[in-house]
Amino acid sequence: MMARTLCEISANTIEFFRGKVWESPGYGEIELGGRGPGAKKLIQSLGLIIGEKCEYVYDFGSSVYCTVELVGIEEENCDINYPRVSEQNKKRNKYCDRCNNNGKKEVALYTVYDFEDDSVELLCEACLEEVSEDVDVSEIVY
């Protein structure tokens, strides 16, 4: 991802950490709208070296953890809209547990927690229709 400041990377509440989230020093929380102690920090002022990785936690309520790698620092180009993704990982689907047990590969769309069995399953749309109503269902975001 190409950006000049940490704030340009996300419009939601985030914080970058030099190393593992919560185990390493943070660069300051960045709040919605570009406020917060980390919002105006220039990436080049963080003392990172090419190839170094940082982790960040996104939108603290849902706690999505991401890793970014510094691949270079370049002069800002006025003809480019920032931030922009320079490279990203291949999407990795999770597969339905029930279908997988039957030798089929169906993409799981839901995480299902069964309170009675204290179990978790990844399920596709068809298999979700077969579960009881006493479960907690969360959609998997790819």
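These numbers were taken from a predicted model, which means no experiment stands behind them.
- Rounding to the nearest 0.5 Å places CD of Glu55 at 7.5 Å from OG of Ser24.
- In this structure, the side chain of Glu69 does not engage the main chain of Glu52 through any donor-acceptor pair within 3.5 Å.
- Leu46 has its side chain out of reach of Phe16: every pair of non-hydrogen atoms, C-beta onward, lies at least 4.5 Å apart.
- Here the closest heavy-atom approach between residue Lys91 and residue Asn93 is recorded as CE-OD1, 3.0 Å.
- Put simply, CZ on Arg18 and CD on Glu23 are 16.0 Å apart, with the number rounded to the nearest 0.5 Å.
- Under a 3.5 Å cut-off, the side chain of Asn77 and the backbone N or O of Asp79 do form a donor-acceptor pair.
- If you take CG on Leu48 and NZ on Lys53, they are separated by 13.5 Å, rounding to the nearest 0.5 Å.
- Val112 and Val120 fall into different hydrophobic clusters, where Ile, Leu, Val, Met, Phe, Trp and Tyr are joined by side-chain heavy atoms under 4.5 Å apart, directly or via other members.
- In this structure, Asn101 contributes its side chain and Asp97 its backbone to a donor-acceptor pair below 3.5 Å.
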For residues 123-141, tabulate all N or O donor-acceptor pairs below 3.5 Å that involve a side-chain atom, not counting sequence neighbours.
from: Glu125; atom 1: OE1; to: Tyr110; atom 2: OH; distance (Å): 3.0

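- The shortest non-hydrogen separation linking Phe17 to Tyr27 is C-CE1, 4.1 Å.
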